[in-house]
There are 2 protein chains.
Amino acid sequence: MGKQTNPPICEIECIHADKVDELQPIVGALGGVGELVTNLADDTRFKVLYALSQSELCVCDVAAVVGATTPAASYHLRLLYRTGLVDYRRDGRLVYYRLADEDMRPVLEAIKSYMSR
Amino acid sequence: MGKQTNPPICEIECIHADKVDELQPIVGALGGVGELVTNLADDTRFKVLYALSQSELCVCDVAAVVGATTPAASYHLRLLYRTGLVDYRRDGRLVYYRLADEDMRPVLEAIKSYMSR
DNA sequence: CAAACACTCAAACGTCTGCTTGAGTGTATG
DNA sequence: CATACACTCAAGCAGACGTTTGAGTGTTTG
């Protein structure tokens, strides 16, 4: 019974308090990154977004380009629209999607060139 | 019974065959991006990786910086190690992790600057 | 050698994801 | 007005994910 059952968890700033103190505010400001990057963290969805960064496309084209069914493409486009990464316009019974945010382009290119390193 | 039950699914190259043909090989080469980006698609894990891009840290420090328990930090570090994004060295009973791939730095910075736009 | 400590491992959990299926909406065409 | 068609929506499912908990390693220290 001399065995203690508690703190196997390291207390804060246990080893290198200086570095921790320095990095904490910087890293803390990165909250919400995951939510954004999650949009790119799926093969199909990244392909959709990259394709739209190259050309305006209707849902049907998007499905063909990325090799998905139309409902699947529609599902991903809706997700991307809801997070503001993609916008669309109607033309008759077609719906044309395009990249909504030019600031996303460098991110897409950075990832693409990392992949082909 | 004149109701047809089948192909509600659009055939390939249904609308703009030219654009589709042009984009398909480019986009097809992006296979596997999701697997990579998944490593960055979590708040905790992105913070871990970004912190390590700034400084070499032991597990304990990482946990303190990102505000997680030690097992949680260990879990994410293992994932990052298995995908080659992170490397480590032992020093006594401490384990120091660091960014393994310099090519990842531009990706991290691109995402970070997108976040603070 | 025994205690303390940084870290790892494995099991278990609640939750979320991406896709399919089938029905529904609205626009164009004959 | 009826049919065709591009697209959306909602329900459901199998698989993956992040975290906690508790036990276990291996190194250091007295």
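Chain A is the first sequence line, chain B the second, and so forth, proteins listed ahead of strands; every chain is numbered from 1. Note that the structure is predicted; figures quoted are calculated from it, not measured.
- Closest contact between the side chain of A:Tyr75 and the listed nucleotides C:dC7, D:dG18, C:dC19 involves C:dC19.
- Note on A:Tyr97: only backbone sugar-phosphate atoms sit closer than 4.0 angstrom, heavy atoms only; bases stay farther off.
- Distance, A:Arg89 CZ to D:dC7 C1': 15 Å, rounded to whole Å.
- If you find the closest nucleotide of DNA chain C to A:Gly92 and to A:Ala41, the one lying nearer the 5' end belongs to A:Ala41.
- Atom P of nucleotide C:dC9 and atom CG of B:Leu79 are separated by 12 Å, given to the nearest angstrom.
- Within the 4.0 angstrom heavy-atom criterion, only backbone atoms of the sugar-phosphate kind lie near B:Thr44; the bases stay farther away.
- In this structure, B:Leu40 places its CG atom 12 Å from P of D:dG18, rounding to the nearest Å.
- Judged purely by atom type and a 3.5 angstrom limit, A:Asp101 has no side-chain atom pairing as donor or acceptor with the backbone of A:Leu85.
- Residue contacts shown for A:Arg90 are absent, as no nucleic acid heavy atom lies under 4.0 Å away.
- A salt bridge links A:Arg105 with A:Glu102: the closest approach of a Lys/Arg side-chain nitrogen to an acidic carboxylate oxygen falls below 4.0 angstrom.
- The B:Thr69 side chain lies nearest to D:dT20 when the options are D:dC7, D:dG18, D:dT20.
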Please test A:Leu57 against B:His16 for side-chain contact (heavy atoms from CB on, under 4.5 Å), starting from the C-alpha separation and ending with a verdict. CA-CA 8 Å; A:Leu57 295 169; B:His16 305 93; 5.7 Å; no
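- Atom P of nucleotide D:dG18 and atom CG of B:Leu80 are separated by 10 Å, given to the nearest angstrom.
- Of the candidates C:dT8, D:dC7, C:dT21, C:dT21 carries the atom nearest the A:Pro71 side chain, counting heavy atoms from C-beta on.
- Rounded to whole Å, the distance from NE2 on A:His16 to P on C:dA6 is 11 Å.
- Proximity note for B:Arg93 (side chain, C-beta onward) versus D:dT20, C:dA6, D:dA4: the nearest is C:dA6.
- Out of D:dA6, C:dG18, D:dT8, the shortest distance to the side chain of A:Leu94 is found at D:dA6.
- Here the side chain of A:Asn39 pairs a donor or acceptor atom with the backbone of A:Leu36 at under 3.5 angstrom.
- Taking the ring axis of A:Tyr75 as reference, the NZ or CZ atom of A:Arg78 does not stay both within 45° of it and closer than 6.0 Å to the ring centre.
- Taking the side chain of A:Val95 as heavy atoms from C-beta on, and the options C:dC19, D:dT8, D:dT19, the nearest nucleotide is D:dT8.
- With D:dT19, D:dC9, D:dG22 as the choices, the nucleotide that has an atom nearest any side-chain atom of A:Arg78 turns out to be D:dC9.
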Show every donor-acceptor pair shorter than 3.5 Å between a side-chain atom in residues 46-53 of chain B and any protein atom, with sequence neighbours excluded, or say none if there are none.
from, atom 1, to, atom 2, distance (Å)
B:Tyr50, OH, B:Glu109, OE2, 3.3
B:Ser53, OG, B:Tyr50, O, 2.6

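- For A:His76, the listed nucleotide lying nearest its side chain is C:dC19; candidates were D:dT19, C:dC19, C:dC7.
- Going from atom CG of B:Leu77 over to atom P of C:dT8 covers 7 Å, rounded to whole Å.
- Separating the CG atom of B:Asp42 from the P atom of C:dC16 is a distance of 14 Å, rounded to the nearest angstrom.
- OP1 or OP2 of C:dC7 has not a single side-chain nitrogen or oxygen of B:Thr70 nearer than 4.0 Å.
- As a whole-Å value, the separation of B:Leu57 CG from C:dA6 C1' is 15 Å.
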